[in-house]
Amino acid sequence: MRKGHLDSNCRYLAVQKALTAEGEIENIVLKGWVRTVRSGKGVTFLALNDGSSMASIQVVIDASHPDHEAVSAIGTGAALEVEGDLVASPAEGQRWEVKAARITMVGEAGHDYPLQKKRHSFEFLRTIAHLRPRSNTFGAVFRMRNALSFAVHKFFQERGFLYVQTPIITANDCEGAGEMFRVTTLDPRNPPLENSQIDWREDFFGEKTGLTVSGQLQAELFATAFSKVYTFGPTFRAENSNTSRHVAEFWMIEPEIAFANLQDDCKLAEDFLRYHVIYTLENCGEDLQFFNDRIEKGLIDKLEKLAKAEFHVLPYTEAISILQKSGENFAYPVEWGLDLQSEHERYLTEKVFDGPIFVVDYPAQIKAFYMRLNDDERTVAAMDLLVPRVGEIIGGSQREERYDILKMRMDAMGVPSEPLAWYMDIRRWGSCPHAGFGLGFERFLMYVTGMENIRDVIPFPRTPGNAQF
RNA sequence: UCCCCGGUAGCUCAGUCGGUAGAGCAGGUGGCUGUUAACCACCCUGUCGCUGGUUCGAGUCCGGCCCGGGGAGCCA
């Protein structure tokens, strides 16, 4: 067996291309990592995977081959280049296999390779996040993540939306969505002080800055120039949340549309969800089948059902009344003016409607300052899209486009208006009704893969106490 | 941050009433087979999370701490 790089005139093929070949091909080259070695006296089989598909390709080497003994000692995880002929497999289990003429060891893997050919717990795999993409489940997760990232852009671009990159560093302390990470170049042991308070004017940006918790406010500005825009980027929350649904760094999708009301917003959210579920069904078959068989039984049925489902619209006030009449014994109180808890949301979407629902028109006092005040003056044009098994998956609103009312709401909620003068300015000149929503990309991935922990749908999760890799 | 559960071999786990630790996989050796996370036989593998206590004796009981998981809150 040769070591090092193989120069060859042979045709290099991704494993996925080889597996879906129309016919036999002579002299091909495959490169990838060994998943299993099954060795016998007469013949040795290698399963080679290069991440291009869930399935590995079977490489066969006869005992008569001079390298047979060396090949049979190859460890799981080794990187190989295989040169040979793609031939029809004489045995059950695969259509094509590679009859190896030459196998080159590119990178060895010893017996201490942590990823064994057995089932590992997701908890263990998180501790080897640098290797877990080579496992079946994470291969499928990240291929799916890739496919859906592409689909997000495809969806918006096909509809004339402008992709806007909103800032990651921001001085808006009150974007309204939670704790921010501080961004500073000051020396923490010796910060400049004024009246024993840190003097942020001395900091890099001349004011107190942090990592963005939402691109919405800036997306609104662009919406009032380009009509339809979306963001798709990293978002940060410094909250000490320790749950399977929270990470400190995640990717959020935030469309914002001008000349639009809450109904238009709901329609967009519905189209978005349906489009991506159908895209997944049509483009991720092999990986989806794996999730359906191994991660969440009935996943494909669930997605097909969602793709065809009617999306109900339910005003908050009606939701409260349904919950109060339900006779269910909820752990948290149901009363007009209180926010809906997870148990309430799941009851509505699973038991009452058994399908996706928009809950709209929430009490003003439990929602953010920028949401548009309804004519009843006690609710705002907010919407949450709830789906079975997950609960809230999208949250959005029509934005308050009337300067005076926005100012009044900010004052009432204690939001200082001076730092947000630019945000308010677009209400002074050419203001128009507009709306948008936010969707956590990882939460959406959890929904379509059936994965139950958000840390298992993002390459390198950042959570309280953990920023490894 | 709060509540609950857990931490035993490289990995997945068992360990009874408190009596001195075990199975599968991985690894090694041999055998066997166009094999399918191959199979069969034998061999090897331990700071029982850390720390203090109770006890003749602690993986097992109690306290503290660390780490992980589930749920809640916050939210996406």
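No hydrogens, no waters, no symmetry mates; every other heavy atom, side chains included, goes into these values. Please read these numbers as outputs of a predicted model, since none were measured by experiment. Naming convention: chains lettered A, B, ... in sequence-line order (proteins, then strands); numbering from 1 in each chain.
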For [X], which contact category applies under a 4.0 Å heavy-atom criterion: base, sugar-phosphate, or nothing?
X	value
A:P90	base
A:I393	sugar-phosphate
A:F45	base
A:S244	sugar-phosphate
A:S39	base
A:R95	nothing
A:S121	sugar-phosphate
A:Y447	nothing

If you check the [X] side chain, which of [options] turns out closest?
X	options	answer
A:Q341	B:rG69, B:rG73, B:rU12	B:rG73
A:Q94	B:rU35, B:rG73, B:rG70	B:rU35
A:N240	B:rG34, B:rU1, B:rA26	B:rU1

Ring centroid separation [X] to [Y] under 6.0 Å:
X	Y	answer
A:Y370	A:Y423	no
A:Y230	A:Y163	yes
A:F236	A:F250	no

**Asked** Pick the nucleotide of RNA chain B nearest each of A:N242 and A:T76; which residue has the one closer to the 5' end?
**Response** A:N242

Once hydrogens and angles are ignored, does a donor-acceptor distance under 3.5 Å link the base of [N] to the side chain of [X]?
X	N	value
A:H120	B:rC11	no
A:E97	B:rG34	yes
A:S241	B:rC75	no
A:Q58	B:rU35	yes

**Prompt:** Within 45 degrees of the axis of the six-membered ring of A:F138 and under 6.0 Å from its centre: does A:R132 put its NZ or CZ there?
**Reply:**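 Ring-cation test returns yes.
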
**Prompt:** Between A:R274 and A:A309, is there a donor-acceptor pair closer than 3.5 Å when you use the side chain of the first and the backbone of the second?
**Reply:** yes

**Request:** Taking only the side-chain nitrogens and oxygens of A:N453, find out if one of them lies under 4.0 Å from OP1 or OP2 of B:rG70.
**Result:**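 For A:N453, the contact criterion (side-chain N or O under 4.0 Å from OP1 or OP2 of B:rG70) is met.
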
